[in-house]
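Each remark here refers to the structure printed beneath this line.
Just so you know, ligand 1 is whichever comes first in the structure, and atom 1 is the first atom listed for that ligand.
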Amino acid sequence: MATERDLYSVLGVGRDASDAEIKRAFRRLAQQWHPDVNQEPGADQRFKEINEAYQVLSDPQRRQTYDMFGTTGDGGAAGFDATGFGNFGDIFDAFFGGTQAGQRRGHPLAGSDLRYDLRITLEEAVKGVEKEIEFDALGRCETCSGSGAAPGSEAVTCEQCGGRGEIRTTRRTMLGQMVNVSTCPRCRGEGKLITEPCPTCKGEGRTQHKRTLRVTIPAGIDEGHQIRLSNEGEVGPRGGPPGSLYVAVHVQPHPKLRREGTELAYDADVSIAQAALGTRITVPTVDGEEEVEIKPGTQPGTEIRLRGKGVPHLRRAGSRGDLHVFVNVVVPSKLSKRQRELLAEYAEEAGEPVSANGGGILDKVRDALG
Ligand SMILES: [Zn+2]
Ligand SMILES: [Zn+2]
């Protein structure tokens, strides 16, 4: 992770670059560094970097994640193999200036994205955590290494389209010649046909696998955030590139602390006597319990701020919110006889009129009779 380069500088654009600027920069660099064009050593590596940067920055959600976490969430080299060229359409676009929706014809389809819902505690969200997750996903078939062809056999070029995956038909119309391009129905656009399907995967090139993966959850993550792990989704059929795995994070509510962004709040109940005379209370924090002083004469609703005991900022390293303790003065609703006497005495001393059955003379009479 530490060696991950800044994606904006790979494309030579500013962090505030518009989508159009990013696309322009990518086209220019792709034409310059594509290994078919540029024979310099290292050109292919450079091209991969450019492409990877573009895949992230051209996808609003991935760009946001990258801006937020400073990482693509690829977990280092895992997202960097040659099959990781997510969107062939854009490379096609860069060279031919055309637009092409969806699959580049003559290539296998990409695999689906997957979603994993991960529950973590508030403490884990504050401190960051590494989690091992286990899930089922379609992975490469081991019998045929993903080709879909039975061992010993090979996929053959589709005769109908000549391996291009598309059929072109030319028509003469009043306006001139019209070329219609459609996906080859025989090979479904893949350009190849399997004559002898692999017995394990029935020619799909993929089978169900149980997978385990370590996911790094950054400190400060909040409910609903998603972490994208590119190339960790399902693999495509017959050697198609894999999709992404989205880890959707759910932060369990804390029994005592409320969270709002980087701030935490705690409601501390104290009695009238404690508020008036002062006391020390124990406040739960994500770093363990902490003693907090309630000063004599503390009023209901008083806020005591524990600096830096909140949630870390996702984007500003080293910066952390506060824990706000709100003092709630609880008025007793049930009093023992002795408590009532003492309070009545207090009221008398303070010159405060109180209700008779709150502990006045009549009460004393009633107690004497009762
Ligand atoms: Zn197979
Ligand atoms: Zn075909």
With no hydrogens and no angle check, do the side chains of [X] and [Y] hold a donor and an acceptor under 3.5 Å apart?
X	Y	value
N328	D269	yes
E134	T212	no
D6	Y66	yes
Q55	D59	no

Inset, instruction - Could you name all protein N, O or S atoms found under 2.8 Å from the Zn ion (ligand 1)? - result: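 C141 SG, C144 SG, C198 SG, C201 SG, with waters left out.
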Inset, instruction - Can you establish whether the number of heavy atoms outside F135 located under 6.0 Å from its atom CZ is more than 12? - result: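 Yes, because the 6.0 Å sphere around CZ of F135 holds more than 12 heavy atoms from other groups.
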Inset, instruction - Could you count the protein N, O or S atoms found under 2.8 Å away from the Zn ion (ligand 2)? - result: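 Protein heteroatoms (N, O, S) closer than 2.8 Å to the Zn ion (ligand 2) number 4.
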Legend entry - Salt bridge R168-E166, side-chain N to carboxylate O under 4.0 Å: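 Yes, R168 and E166 are salt-bridged.
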Inset, instruction - Could you tell me which residues satisfy salt bridge (charged side-chain N to carboxylate O under 4.0 Å, His left out) with D113, sequence neighbours excluded, listed by chain and number? - result: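 Checked D113 against salt bridge (charged side-chain N to carboxylate O under 4.0 Å, His left out); zero matches.
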Legend entry - Donor-acceptor contact below 3.5 Å, side chain H209 vs main chain R211: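 Absent.
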Legend entry - Hydrophobic cluster (4.5 angstrom, side-chain heavy atoms) - remaining members for V156: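 Besides V156, the cluster holds L193.
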